[in-house]
Structures are given as C-alpha cells and as structure tokens.
Amino acid sequence: MLNRGKCIENICVFCSSSDFLDEIYYKDAKELGRLMGQNGYNIVYGGSTLGMMWACASEVKNNGGKIYGVMPQRLVDMGCRTDNCDEFFLAQGMRDRKQKMDDISDAVIVLAGGFGTLEEFAEMFVQKQLGYNKKAIVLLNTNGFYDKLLEFFNDVVEQKFANKFAKDLIYVASTPKEAIDYINNYQEPEKSPSKFEIYSR
Ligand code: AMP
C-alpha cells in the first residue's frame, strides 16, 4: 500500500525551462521525479522536453508515473515537442494554461526557476491565500536558491503587507524527499483562511 496524501494523484510541478544551469538543479529535479513515480504520483507540467521540467518529468515516467503536459499554442508553434506526454492539453495562452494545470492537479511543487516559475508560484500561493484552493504547495529550495525570496517574504510580513498566516500556506523543503514526505502526509485544512486571517496584521 502506498503511503500518500489522501486523494493526491497528480502533482503540478513548476520549474526552470533552462538547459544551462548548474548540475545540482537537474539532480534535484530528477530525484523529485523519481520519488514522485515511486510514490505513485503523476506529473502535471508545462509539457516540454526542456531543462529541469524534462529532467523531472522523464524520471516520473521512468518510475511508473504518467506525464500530463499543458502547453499554449505559441510554444507549440515555436516547435516545442509534445509527443513525450502520456496526455497533452493544448491551451490558448499562458493564463488558460495555468487554469488547466490547476484544474487537473491535486498538489503543487515549485523548484528553482526563472520568471515563468515565479509567476506560476505566486498565482498558486494567492489562490490558496484567498481560499480558492487548499492544495499542498511546496517550495523546493535546492541549493538555497530561494533564500533571498524567503527573506523578502519575512519583510513582507514584518512590514504588514501580508498577514503572518500567509507564510504557513507554503511548505519549504530542502530536499526532494522532504517535499514528497510532506505531500504524502498532507491533510487538507478543513476551512479556508478566514477574513481575519487574510486581512488582520
Ligand atoms: P522559467 O522559470 O522562466 O524557465 O519558466 C518555466 C515555467 O514556465 C515552467 O514551470 C513552465 O510551466 C513554463 N514554461 C516556460 N517555458 C516553457 C516551455 N518551453 N514549454 C512549456 N512550458 C514552459
């Protein structure tokens, strides 16, 4: 019997599309993919064969999981490959694409990435902050990549731009194993954040 978070089957992974990173980032992406497959999870991701995205997705597949890719028309037109996916969903644009990724996934893991990844992470975070979803959101902080962002989050709370409860909506993992352990044991909160939790400081 697999030890896993209740009802979680498909994990949405956001991460870098770059092929020019230090090997440490691909290593964690691959390790995460391997653990996802071995723990019975499928991946929902951007669909391409680039960078950390493919490092992770290919290992999910190699370890028994399915790959669900969601890509907007523009990237398909640019020649991004899509035949690597078990199921492929074509989206009109980036917004539509994120909606689809959200609709078909039960949890989110964010690895190191550039502006695309940051934008995806921020949207999921705010969706949860305002009670539109209760999904596990994990930030995998490979190589301390997000240390400065996390410091900035402290400033955001300290200067009262956000409530201190907001930081509890995401889980920061140092290793892929920590990320998967968290997802395996995740219990959805019964209630969404209250008006007090969102707006008090
Ligand atoms: P970035 O962090 O800027 O490299 O952007 C990566 C994120 O944006 C990924 O999580 C993807 O969902 C999306 N993305 C960026 N480039 C592509 C691509 N060529 N194909 C599919 N998705 C992409």
Side-chain angles (χ1 to χ4, degrees), residues 10-37 41-61 65-128 133 135-150 152-153 170-173 176 179-180 183:
N10 302 328
I11 302 178
C12 184
V13 173
F14 297 129
C15 59
S16 173
S17 59
S18 172
D19 281 327
F20 303 95
L21 306 171
D22 190 287
E23 188 53 35
I24 197 168
Y25 296 106
Y26 305 113
K27 188 168 164 281
D28 257 15
K30 282 184 200 162
E31 172 74 356
L32 180 72
R34 184 178 67 76
L35 290 172
M36 283 173 63
Y41 297 116
N42 307 310
I43 185 170
V44 173
Y45 85 120
S48 80
T49 50
L50 292 169
M52 291 170 68
M53 296 169 67
W54 184 236
C56 185
S58 57
E59 281 301 296
V60 173
K61 180 132 181 135
K66 288 215 158 46
I67 303 185
Y68 302 126
V70 189
M71 201 186 280
Q73 184 70 56
R74 192 172 156 74
L75 297 185
V76 175
D77 293 344
M78 278 185 207
C80 284
R81 253 185 75 188
T82 58
D83 58 347
N84 51 304
C85 299
D86 292 298
E87 228 175 301
F88 177 75
F89 301 90
L90 181 66
Q92 294 311 306
M94 293 298 272
R95 291 175 178 145
D96 173 36
R97 170 170 168 279
K98 269 183 299 174
Q99 180 71 56
K100 183 69 185 176
M101 294 171 92
D102 193 4
D103 289 347
I104 63 175
S105 65
D106 314 302
V108 180
I109 302 180
V110 183
L111 289 80
F115 299 117
T117 304
L118 275 179
E119 186 256 346
E120 292 165 334
F121 168 57
E123 178 169 314
M124 281 292 184
F125 191 170
V126 175
Q127 290 276 106
K128 189 168 179 183
N133 75 54
K135 293 179 193 184
I137 302 178
V138 180
L139 194 64
L140 176 48
N141 192 19
T142 301
N143 196 32
F145 181 76
Y146 284 120
D147 285 354
K148 286 184 188 138
L149 186 69
L150 294 167
F152 173 68
F153 286 178
I170 59 165
Y171 176 77
V172 182
I180 291 298
I183 300 262

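Each ligand, and each atom within it, is numbered from 1 in the order the structure gives.
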Any side-chain heavy-atom pair of Leu111 and Thr117 under 4.5 Å: no
Exercise: identify the closest heavy-atom pair between Asn42 and Met36: O-CE, 3.7 Å
Under-4.0 Å heavy-atom contact with ligand 1, by part of Thr117 that carries it: both
Over 12 foreign heavy atoms within 6.0 Å of CD, Gln92: no
Short side-chain to backbone donor-acceptor contact, Lys128 and Ile170, under 3.5 Å: no
Within-cut-off N or O pair, Ser17 and ligand 1, under 3.5 Å: yes
Ligand 1-proximal atoms of Arg97, by part, heavy-atom distance under 4.0 Å: side chain
Close approach, Gly47 and ligand 1, non-hydrogen under 4.0 angstrom: no
Step-by-step salt bridge (charged side-chain N to carboxylate O under 4.0 Å, His left out) determination, Glu123 to Arg95: CA-CA 10 Å; Glu123 178 169 314; Arg95 291 175 178 145; over 6 Å; no
Per atom 23 (C) of ligand 1, closest listed option by heavy atom (Met53, Met52, Lys98, Met94): Met53
Contact partition for Cys80 relative to ligand 1, non-hydrogen atoms under 4.0 Å: side chain
Part of Leu50 within contact of ligand 1 (heavy atoms, under 4.0 Å): side chain
